Amino acid sequence: MPVADTATPRPNSLRTGPDARGRFGGFGGRFVAETLMPLILEVEHAYAAARADPSFQAELDLYLRDYVGRPSPLWFAERLTRAIGGAKVYFKRDELNHTGAHKINNCMGQILLARRMGKTRIIAETGAGQHGVATATVCALFGLPCVIYMGAVDVERQQPNVFRMKLLGAEVRPVTSGAATLKDAMNEALRDWVANVGDTYYLIGTVAGPHPYPAMVRDFQCVIGEEAKAQLHAAEGRLPDVAVAAVGGGSNAMGLFHPFLDDAGVRLIGVEAAGHGLDTHEHAASISRGRPGVLHGNLTYLLQDEDGQIEEAHSISAGLDYPGIGPEHSWLHEIGRVEYAAVTDAEALEAFQLCTRTEGIIPALEPSHALAQVQKLAPTLPADAIILMNLCGRGDKDIFTVAQHLGVKL
Amino acid sequence: MSRIAARFAALRAEGRGALIPFLEAWDPDAATSMALLRGMPGAGADLIEIGCPFTDPMADGPTIQAAGRRALRAGATLSRTLAMVREFRREDRDTPIVLMGYLNPILSYDPARFCTDAAAAGVDGLIVVDLPTEEADLLLPHATAREIDVIRLVAPTTDAARLPKVLDGSSGFVYYVSITGITGTRSAAYDDLAAAIPRVRHATALPIAIGFGVRSPAQAAEAVRVADAAVVASALIDTLAASLDAEGRAQPDTVRRVLDQVRALADGVRGARSRAPQPQQTGNAG
């Protein structure tokens, strides 16, 4: 059974990382102030203990099934496949999860960990608000107070999600420092954590930050790839030829890719946001146009100037609007196991509309980037090839942005 | 003997603690911050800490964040910060200079080349906020090779088991972060410091400086009663920021106002131990 195969990495596996220092090759690590170091180590030890405890996984499985709604379906997008031509396109439908995106897989895992650790206050950063909503949701479920840091610019452009978080009982603190977007929200969350070391758990939303977060968030998101592998095996009796996912920080992509890393025949493609174009200054393509550096606790590819100052990212999708990427992606890029492509705002918008009209599914702008890459790739492959794409979020949150770009007044 | 060790040895002989004022390089412009740097030893600075501007200073509060933004807008870079030190050293061979900043600009510069250039410019020590002992090998060998001290941060969260590990490979002095929090937000109680510093003292022979939350001459005096040095940053930058015009430009009295405050802090530090309550000789005449 394929799921069982993936549970134990084989020798010479690409799935054994990170090492004891939290490194994937040369990437990752723990670059935080000394005040936070003991807390990071506490999270690491608590997570290692939880991981080894079958009752933790059993509890998580229960919540994932009965609250989140897992497993999410695998859908053969037949009309879309015909419209594009070429390879068969399957969607892993993580947009059907409770709260409408893959983010809650990770939030559920981490909130159970925070409870085991006896933490009584939760903080998180959010860009588009999807991780903020998922965090506020699990905090409501368990009755924990929750503070969400969100760039003031994002607060302005994501009002519906801000209201959702408030309805769920979270306090949303707008961050005005820097460019007032996701990067600055993460700085502010780290500053909060330094000042509230005793009772607070920082629930990071992506596969970045200091060790153990990149590995832990990946582990909680691997349910995506594990389910998809088994579901595709049931549907087609084989592995996909290509797996495609959008990459901002990179949690949905790591969740999809990781269970396939040792399947050498499966091509893996991460899709970065090219914004207005890779050769402009307005994109979020850390791997395509960045270079390695240290930000937010980890060594990874970053958008930065020649003096090592961090540059602002741009994407139509607030969820991809981050100048860094998870360290495991940086490593997978360097060893060549995962290819990283980039898709512009305009291409993503076109894919958004295609998906909506051919499949009756309004995708979020993040997976619309993945779909735009699929549109380029599928016609180059034979009709019996299979592309597996992570449809990691639904687009309800994005209809206002899309309307604006299409020149429609709502 | 390094400049830092020599300075602390001299102060120990004098029987007093050190004042370490902080300035952010290029805040609000190159000329003003150079004038501040030049004026600090005369105003009573025993060592000087220069902040290296970074876009994402995650351990800093609003005051130093704003200083960094002003500096970056003015054109600050790491090599320009080194140039300031080089210029300062033409006139001052003795006052130790410690650079405080974040790792990424150093990585971008290249750690080996940076340490070579920093040593040549006359930098004596480095405090890299987001480089804990677990990652120190990125920088430590290069700094050691150029005889630059790598100054470690010890926090209230650093427990006894971890302390020796944090101090391993440290030199110059130990920087005790007196609060769990970011710079410029709140201050530690004297009793907390009096309890914490002996714990650190027990683990190292290096001088101990107290930073984060030291604002007034009285607080600086308290700090050097229990430790060897007081670092004052945000309070000085607040004064600088208050002196700027609406466009954030320095005014004719900007440098004087900041240096006056350094003088007041230095008076506090110099008077601390003579004014400290001496153990009473219970000279009971009867």
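Keep in mind the model is a prediction, meaning the values are calculated, not measured. Both backbone and side-chain heavy atoms feed into the values below; hydrogens, waters and symmetry mates do not.
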Check each atom of A:Glu311 against the heavy atoms of chain B and say whether the ones under 4.5 Å are side chain, backbone, both or neither. neither
Between A:Gln309 and B:Pro53 the two heavy atoms that sit nearest each other are NE2-O, 3.0 Å
Closest non-hydrogen contact found for B:Phe54 with A:Ile310 is CZ-CG1, 3.9 Å
Between B:Asp60 and chain A, with a heavy-atom cut-off of 4.5 Å, which part of the residue counts as in contact: side chain, backbone, both or neither? backbone
How many angstroms lie between CZ in A:Arg23 and CD in B:Glu135, if you round to the nearest 0.5 Å? 4.5 Å
Which one wins on heavy-atom pair count under 4.5 Å against chain A: B:Ala59, B:Pro57, B:Gly68? B:Pro57
Please indicate whether B:Arg201 has more than 12 foreign heavy atoms, meaning atoms of other residues, nucleotides or ligands, lying under 6.0 Å from its CZ. yes
Can you tell me which portion of B:Ala76 sits under 4.5 Å from chain A's heavy atoms? Options are side chain, backbone, both or neither. backbone
Counting heavy-atom pairs under 4.5 angstrom with chain B, the leader among A:Leu190, A:Leu299, A:Val197 is A:Val197
B:Tyr102 versus A:Leu295: any side-chain heavy-atom pair under 4.5 Å? no
Between atom CG of B:Leu153 and atom CE of A:Met37, what is the distance when rounded to the nearest 0.5 Å? 13.0 Å
How about B:Leu138 and A:Phe31: do any of their side-chain heavy atoms sit closer than 4.5 Å? yes
Would A:Asp307 and B:Arg80 pass as an ion pair if we require N to O under 4.0 Å? no
Tell me, side chain or backbone of A:Asp305 under 4.5 Å from chain B's heavy atoms, or both, or neither? backbone
Between B:Glu134 (side chain) and A:Arg21 (backbone), is there a donor-acceptor pair under 3.5 Å? no
Using modelled atom types only, decide if a donor and an acceptor are shared between the side chain of B:Asn104 and the backbone of A:Val294 within a distance under 3.5 Å. yes
Please classify the contact of B:Ile182 with chain A as side chain, backbone, both or neither, using a heavy-atom distance under 4.5 Å. both
Select one option (side chain, backbone, both, neither) describing which atoms of B:Arg152 are under 4.5 Å from chain A's heavy atoms. neither
Heavy-atom distance under 4.5 Å to chain A: side chain of B:Ile106, backbone, both or neither? neither
Show the numbers, then the answer: is there a side chain to side chain contact (heavy atoms under 4.5 Å, CB included) between A:Arg191 and B:Gln65? CA-CA 12 Å; A:Arg191 291 180 185 125; B:Gln65 289 174 39; 3.0 Å; yes
For B:Ser108 and A:Arg291, test the side chains for any donor-to-acceptor distance below 3.5 angstrom and give the result as yes or no. yes
Between B:Leu131, B:Asp137, B:Ile179, B:Val128, the one whose heavy-atom pairs under 4.5 Å with chain A are most numerous: B:Asp137
Side chains of A:Leu41 and B:Arg162 in contact at under 4.5 Å (non-hydrogen atoms): yes
Looking at A:Thr35, is its backbone amide N or carbonyl O close enough to the side chain of B:Thr157 to form a donor-acceptor pair, meaning the two atoms are under 3.5 Å apart? yes
Walk me through whether B:Val177 and A:Glu34 qualify under side chain to side chain contact (heavy atoms under 4.5 Å, CB included). CA-CA 9 Å; B:Val177 175; A:Glu34 173 58 22; over 6 Å; no
Contact part of B:Val166 toward chain A, heavy-atom cut-off under 4.5 Å: side chain, backbone, both or neither? side chain
Rounding to 0.5 Å, atoms NE2 (A:His296) and CG (B:Asp56) come to a distance of 5.0 Å
Name the option with the most non-hydrogen atom pairs under 4.5 Å to chain A; the candidates are B:Ser79, B:Ala66, B:Pro132. B:Pro132
Part of B:Val154 within contact of chain A (heavy atom distance under 4.5 Å): backbone
B:Leu103, part contacting chain A, at a heavy-atom distance under 4.5 Å: side chain
